[in-house]
Colleague: 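Pasting in a structure now, in structure tokens, and then I'll have a few things to ask.
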Amino acid sequence: MRRYLLRRLLESVVTLVLVTMVVFAGVRALPGDQVRALVGEESDPAVLEQLRHEYGLDQPIPVQYVRYVGKALSGDLGTSARTGLPVADTIGHALPVTLQLSVFSIVIAVLIGISAGVVAAVRRRTAAEWAANTVALLGLSVPNFWFGLMAVLVFAIAFPVLPASGFVSVFDNPVESFRHLLMPAVVLGSGLAAVIMRQCRSAMLEALGADYVRTARAKGLGGAQVVLGHALRNSLIVVTTIVGLQLGVLISGAVVTEQIFVLPGFGKLTIDAVFTRDYPLIQGVVLVTATAYIGLNLLVDLLYSVIDPRVRVGGAVA
Amino acid sequence: MTTVAEPVTTATPLGGSRRRALRRLRRNPLAMTGLVVVVVAVLAALLADLIAPFSADRTDFGAALQPPSGEHWFGTDELGRDQFSRVLFALRASVTVGLAAVGLSMAVGVPLGLLAGFYRVLDPFVSRLTDTMLAFPFLILAVGLAAIRGPSLVTAVIAIGVAEIPLVVRVTRSETLRLREMDYVAAAVASGAGDGVLLRRHILPNAVNALIVQATVTIPAAIIGEAVLSFLGLGVRPPTPSLGIMLASAQQLFRDGPWLVVFPGLAIVLLTLALNLLGDGLRDALDPRESRR
């Protein structure tokens, strides 16, 4: 177990180092003068030279890289070119919005996905299975941004029951927060729900045909006990993996969802940063996202090894 | 359907198993429906100049914001542009980006996957590389690229293509790992075949089925990706028609022209649904062992 932990940790660190290199190189690949890109319109050569020195851009590239990483490690991601505020603070303000949205949407996706998957597997060749499969196919084929637009059209404009946009934190007003986040969370979670449903269904089908389920039935356990206690429990391993694998999709989806529902989160910050050409902010956003993503993936892997002991022994089950 | 499950990747002549796969595909009504829709959509995109009732950017302020009618099937936008014609032209961007992005990911991903699967020494390097690429969620990668290159159709192709490279590498790598252990490969080695011959003649052709299945998943994803990027302003730029751009401008006109949101979206859904059905059918046809699940 410890060896597996160490290996995964080491792998993550290596990936992280490579990520910082890519982000660092990305900024150098920007067209035109570094300093000009960072400060914008300033044109006095003396000022530019001064800034070049201040930013350490007159140093050799390896030195610059080490300084960059050192600063990032201490939480200093530079200052936004547009607002002049520290990038870390700006991201810190946006993050809770995205986190609340993501957690809510994962909960919805897991609830819908697992129940639909179980129903589709247990009630084979019935209308329920057919309906679950159709909805899953639609969930995979309907791009979530169009789903979002249609949801606004129906539930905010044609039948105004939910607000079309805006954010209220769950900690300030849980009811209003729920009303504001319900549509975005369903929209963001729909694709994930479809993937979970499909995987859960096939894992359940496999489990229901397995020997241990037959044994459980032979022991005289009731249908629900077999389905929920034995088959579903084993299918959850698959679901955990799927949620982990889909985290990247979820992050991308959050960007789009926040744009549609005008939520002041991480995704909206990202898009706005591109349009205002706020390079320090873009750099910070990309770095934070990649780091969070690597960290979450590591977490999912570890969780996976806790749920399924086979993983840590050989590390070669998949 | 034949009862004997034919493994996709045996040493039997590939032509025969492919022909059987095609026959299985033809018997699958859902997949054939998907194929018809895909062919119609691609033809519509190619022949948009001929079949579109209006040109994509012809404005007619006298006919602005008209709901769907006999003259304007999908209605008109705030500039009086015919939405049906614009959807046809926008399909061009969808199809172009879909195919180009997948082509890019295959061109880079397949050689990398072959090398990683065939030469154990290279595997850790390629795996770390793909991990690093996977560490950037698709949109974050697109954001970075759009910041560096500026938004455009080519930027969209690169962003989507690069995001799909790791997936292609993984599929090719695992196929290579599997095929390398096959008896016929050992036989080829014994008869003096070099690495190049092994990879080109014995491993790659047998990995093609897996890659086709992969492509059927990635092409619809790429088409949605293009729409998303253009919707956010990171992909195709106006005045080039794109389904994503049409939806982005429709968002401002929810109350006055709800049909503007409906039709471009339906076009994307129909196209990706058809591609998914075709892909599912192809997967079943190419690998009957999987289809019984």
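Order of the sequence lines fixes the chain letters, A, B, ..., with proteins taken first and strands second; residue numbering starts at 1 for each chain.
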Colleague: Taking side chain as everything from C-beta outward and backbone as N, CA, C, O, which of these in Val274(A) sits under 4.5 Å from a heavy atom of chain B? Side chain, backbone, both or neither.
Modeller: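 Contact with chain B: side chain only.
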
Colleague: Please examine the side chains of Val285(A) and Val143(B), heavy atoms only from C-beta on, and report whether any two atoms are closer than 4.5 Å.
Modeller: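 Not in contact.
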
Colleague: Who pairs with Phe84(B) by ring-ring contact (aromatic ring centres under 6.0 Å, His included), at least two apart in sequence or on another chain?
Modeller: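 Testing Phe84(B) for ring-ring contact (aromatic ring centres under 6.0 Å, His included), a comparison that skips the adjacent residues, returns Trp73(B), Phe74(B).
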
Colleague: Report which part of Leu16(A) has an atom under 4.5 Å of a heavy atom belonging to chain B: side chain, backbone, both, or neither.
Modeller: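 Contact with chain B involves no heavy atom of Leu16(A) at all.
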
Colleague: Decide if atom CZ of Phe275(A) counts as having more than 12 heavy atoms of other residues, nucleotides or ligands within a radius under 6.0 Å.
Modeller: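 Yes, enclosed.
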
Colleague: Spell out the residues in residues 250-258 of chain A that have some non-hydrogen atom less than 4.5 Å away from a non-hydrogen atom of chain B, in order of number; otherwise answer 'none'.
Modeller: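 Heavy-atom contacts from residues 250-258 of chain A to chain B are Ile251(A), Ser252(A), Val255(A), Val256(A).
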
Colleague: With only heavy atoms counted, which part of Pro220(B) is less than 4.5 Å from chain A, the side chain, the backbone, both or neither?
Modeller: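 When you check distances to chain A, no heavy atom of Pro220(B) falls under 4.5 Å.
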
Colleague: Check each atom of Ile294(A) against the heavy atoms of chain B and say whether the ones under 4.5 Å are side chain, backbone, both or neither.
Modeller: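 Only the side chain of Ile294(A) comes within 4.5 Å of chain B.
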
Colleague: From Leu139(B) CG over to Gln259(A) CD, what is the distance, rounded to the nearest 0.5 angstrom?
Modeller: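 Here the rounded value is 10.0 Å.
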
Colleague: In this structure, which one of Ile260(A), Val152(A), Leu153(A) forms a side chain to side chain contact (heavy atoms under 4.5 Å, CB included) with Gln251(B)?
Modeller: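 Passing option: Ile260(A).
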
Colleague: Are any non-hydrogen side-chain atoms of Val269(B) and Pro143(A) less than 4.5 angstrom apart?
Modeller: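 Val269(B) reaches Pro143(A) side chain to side chain.
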
Colleague: Using side chain to side chain contact (heavy atoms under 4.5 Å, CB included) as the criterion, point out the one residue from Ile268(B), Val261(B), Leu243(B) that pairs with Trp146(A).
Modeller: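 Option passing the side chain to side chain contact (heavy atoms under 4.5 Å, CB included) with Trp146(A): Val261(B).
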
Colleague: Heavy-atom count check: over 12 atoms from other residues, nucleotides or ligands less than 6.0 Å from Tyr65(A) OH?
Modeller: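 For Tyr65(A), atom OH is crowded (more than 12 foreign heavy atoms under 6.0 Å).
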
Colleague: Out of Leu141(B), Leu145(B), Val262(B), which one racks up the most heavy-atom pairs below 4.5 Å with chain A?
Modeller: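 Maximum pair count with chain A is reached by Val262(B).
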
Colleague: Side chain from CB out, backbone as N, CA, C, O: work out which of these in Phe147(A) comes under 4.5 Å of a heavy atom of chain B, or both, or neither.
Modeller: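 When you check distances to chain B, no heavy atom of Phe147(A) falls under 4.5 Å.
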
Colleague: For chain B, find which of Asn144(A), Ile271(A), Ile282(A) contributes the most heavy-atom pairs closer than 4.5 angstrom.
Modeller: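 Among the listed options, the one with the most contacts to chain B is Ile271(A).
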
Colleague: Strictly less than 4.5 Å between heavy atoms, which residues of residues 223-238 of chain B line up against chain A? Please order them by number.
Modeller: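 Within residues 223-238 of chain B, the residues that come under 4.5 Å of chain A (heavy atoms only) are Ile224(B), Ala227(B), Val228(B), Phe231(B), Leu232(B), Gly233(B), Leu234(B).
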
Colleague: Could you look at Val22(A) and say if it's the side chain, the backbone, both or neither that has a heavy atom under 4.5 Å from chain B?
Modeller: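 Side chain only.
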
Colleague: Counting only non-hydrogen atoms closer than 4.5 Å, can you tell me which residues of residues 271-281 of chain B sit against chain A?
Modeller: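 Checking residues 271-281 of chain B against chain A gives Thr272(B), Leu273(B), Asn276(B), Leu277(B), Asp280(B).
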
